[in-house]
2 protein chains.
Amino acid sequence: MANPLQPVAGAALDPATVRVACSNCNLRELCLPVGLSADEMQRLDHLIATRRRVRRGATLFSAGDPFTSLYAVRSGFFKTTVTTADGRDQVTGFQMAGEILGLDGIVQDKHSCSAVALEDAEVCILPFDQLETLSREFSALQHHVHRIMSREIVRDQGVMLLLGSMRAEERVAAFLLNLVQRLHARGFSRSEMILRMTREEIGSYLGMKLETVSRTFSRFQDEGIIEVKQRYVRILAPQALEAIVNQADTQL
Amino acid sequence: MANPLQPVAGAALDPATVRVACSNCNLRELCLPVGLSADEMQRLDHLIATRRRVRRGATLFSAGDPFTSLYAVRSGFFKTTVTTADGRDQVTGFQMAGEILGLDGIVQDKHSCSAVALEDAEVCILPFDQLETLSREFSALQHHVHRIMSREIVRDQGVMLLLGSMRAEERVAAFLLNLVQRLHARGFSRSEMILRMTREEIGSYLGMKLETVSRTFSRFQDEGIIEVKQRYVRILAPQALEAIVNQADTQL
DNA sequence: CGGAACATTGAGAGGGATCAATGGACGTGG
DNA sequence: CCACGTCCATTGATCCCTCTCAATGTTCCG
């Protein structure tokens, strides 16, 4: 097995936009095509014609941009942010391979958040009008689109729970467990990872200041729960993290 | 005009479940049928066959319940809550006439949050498989379903922004403005309202304790921004509330 | 090698939580 | 109609968690 800290999907295809196919994508079990028949998959291949590369630090779309497509993360790592009227912003999520970006844009035909690559990334472009057309033909695809949107709503509820009722320690523990679990589902290690985001971005996502994030990491390390060295994190005692997450509950 | 503190939709139909029609519903401009042709509306009428009454304090659905339908609020007022493993819960939203409940259930075929009526309410039942079938025929309905889900995602982003980066005062100001704006869109006053939820429920939604909510209300009242008397709230200086919401930004 | 970006750590302050008591509003039943 | 109990809201006093301000350390890259 490859180095668990390196992405599974290696091949960096050259052109800025590349013809691709869902049907032989190694993310097809995580991404849009889940549960489609061979025939349906072929039709989907036809729709998802191109990829786009996004360099680290570059923007996939910005709040206010006209909405035309969803994006499936093929490789790399993104953050999404919403911005207040005066320019402060809040990270609303981190997205990795197989996850879908851009669902926020449907309702107003323009994006309401921005997506920025935290490492060199590649996305599959899903023109939304074509996706709607195709999902009127294939109920499996239609239902899957609905499930993806519902999944995002459920995820958001979880973030609200985290922001609304957990303390800093609990938030950080929940964050680490969630991240490593998603990475593990993509073939990475279940205990170690390289964080692609800064302490400030973590803090923004978790509703706390970067110093508090750093201090919490250090405290967990002192307690032997994790090992931290800058962006590298190793989870030594996952059950301790889980206990911290659930401890909020037992306090009542 | 009727008393602005009383619901617009008066008629309380008798049977527990009643045959209804979108085509002559006074909420059709706010609810599912937005933008449908007469023909499409008739088909939708066929789908939305029944209503359900939910008494104050009763549950429309609970986390874990099998998912079968979406619900359009016809009258009354709901809260949705998510619950942690050990039983503490967090309010994730308040829903009023014309708003759709149950989108969280699609992804796992079971609900992940609970919906409780905060006053006697009535909902239209939208069997989801039939809704999918119909929206494969009518692209306008299909797109509207997508817009409703996207709208929920955008709303959730706003709540994350609120919970993650606003202080108590700002949260309460944003909450009051949002509530009165939605009520005004339904024909109620733009300056006064009766809160249907307790201070504790507001606090849960806003990520703060009930005492802090109460204190913040009192402070706003002392400053002449609002008038509060228990559940009754009158906004005296909406621009002051807006300034408080945006002040978070100007502090950086 | 030097600078920029990011991370860590410390000291002090403050906002909101907690604990606790009082006060209203509402509904039920006598 | 009033008395009572329950639920909810208000207000005060105190504490603590997290923020703020500040300095130092580390990594990476030109």
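Just so it is clear: chains get the letters A, B, ... in the order the sequence lines come, proteins before strands, and each one is counted from 1.
Rounded to whole Å, atom C1' of C:dT9 lies 12 Å from atom CG of A:Leu210. Rounded to whole angstrom, the span from the CD atom of A:Glu170 across to the P atom of D:dC17 amounts to 12 Å. When rounded to the nearest whole Å, the span between CG of A:Leu118 and C1' of C:dA5 equals 15 Å. The separation between A:Met208 atom CE and D:dC19 atom C1' is 11 Å, rounded to whole Å. Between the P atom of D:dC7 and the CD atom of B:Glu201 lies a distance of 14 Å, rounded to the nearest Å. Rounded to an integer number of Å, the gap from A:Arg199 CZ to C:dT8 C1' is 9 Å. Across the protein-nucleic acid pair, B:Arg167 atom CZ and D:dT20 atom P stand 9 Å apart, rounded to whole Å. Remark: P of D:dC7 and CG of B:Leu195 are 21 Å apart, rounded to the nearest angstrom.
Remark: B:Glu119 does not engage B:Arg56 in a salt bridge, criterion side-chain N to carboxylate O under 4.0 Å. Ion pairing of A:Arg186 with A:Glu99 is present here, as a side-chain N (NZ or NE/NH1/NH2) and a carboxylate O approach within less than 4.0 Å. At a threshold of 4.0 Å, the pair B:Arg219-B:Glu169 counts as salt-bridged, since one of the basic side-chain nitrogens sits closer than that to a carboxylate oxygen.
In this view, B:Ser191 and B:Ser189 satisfy the side chain to side chain donor-acceptor pair (under 3.5 Å) rule, not counting sequence neighbours. Remark: B:Gln90 pairs with no residue by the side chain to side chain donor-acceptor pair (under 3.5 Å) rule, at least two apart or across chains. Taking the side chain to side chain donor-acceptor pair (under 3.5 Å) definition, one finds that B:Arg55 meets it with B:Asp120, sequence neighbours left out.
In the helix from C:dC1-D:dG30 to C:dG30-D:dC1, the end axes, each obtained as the rotation axis mapping the C1' atoms of four pairs onto the next four within a five-pair block, lie 40° apart to the nearest 10 degrees.
With A:Ser218 contributing its side chain and A:Ser214 its backbone, the two residues share a donor-acceptor pair below 3.5 Å. No donor-acceptor distance shorter than 3.5 angstrom exists from the side chain of B:Ser114 to the backbone of B:Ser62, with no hydrogens or angles considered.
Nearest to the side-chain atoms of B:Lys209 among the listed nucleotides C:dC6, D:dT10, C:dA17 stands C:dA17.
Between B:His111 and B:Pro66 there is no side-chain heavy-atom pair separated by less than 4.5 Å. Counting heavy atoms from C-beta outward, A:Arg167 and A:Val172 have side chains that stay 4.5 Å or more apart. Side-chain atoms of B:Met96 and B:Leu179, non-hydrogen and from C-beta on, do get closer than 4.5 Å to each other.
A:Arg231 has a side-chain polar atom (N or O) that falls below the 4.0 Å cut-off from OP1 or OP2 of C:dA7.
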Output one line per pair: protein atom, nucleotide atom from nucleotides 25-30 of chain D, and distance, for all N/O pairs under 3.5 Å.
none

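Residues from residues 211-220 of chain A placing a heavy atom under 4.0 Å of any atom in DNA chain D, listed by number, are A:Glu211, A:Thr212, A:Arg215.
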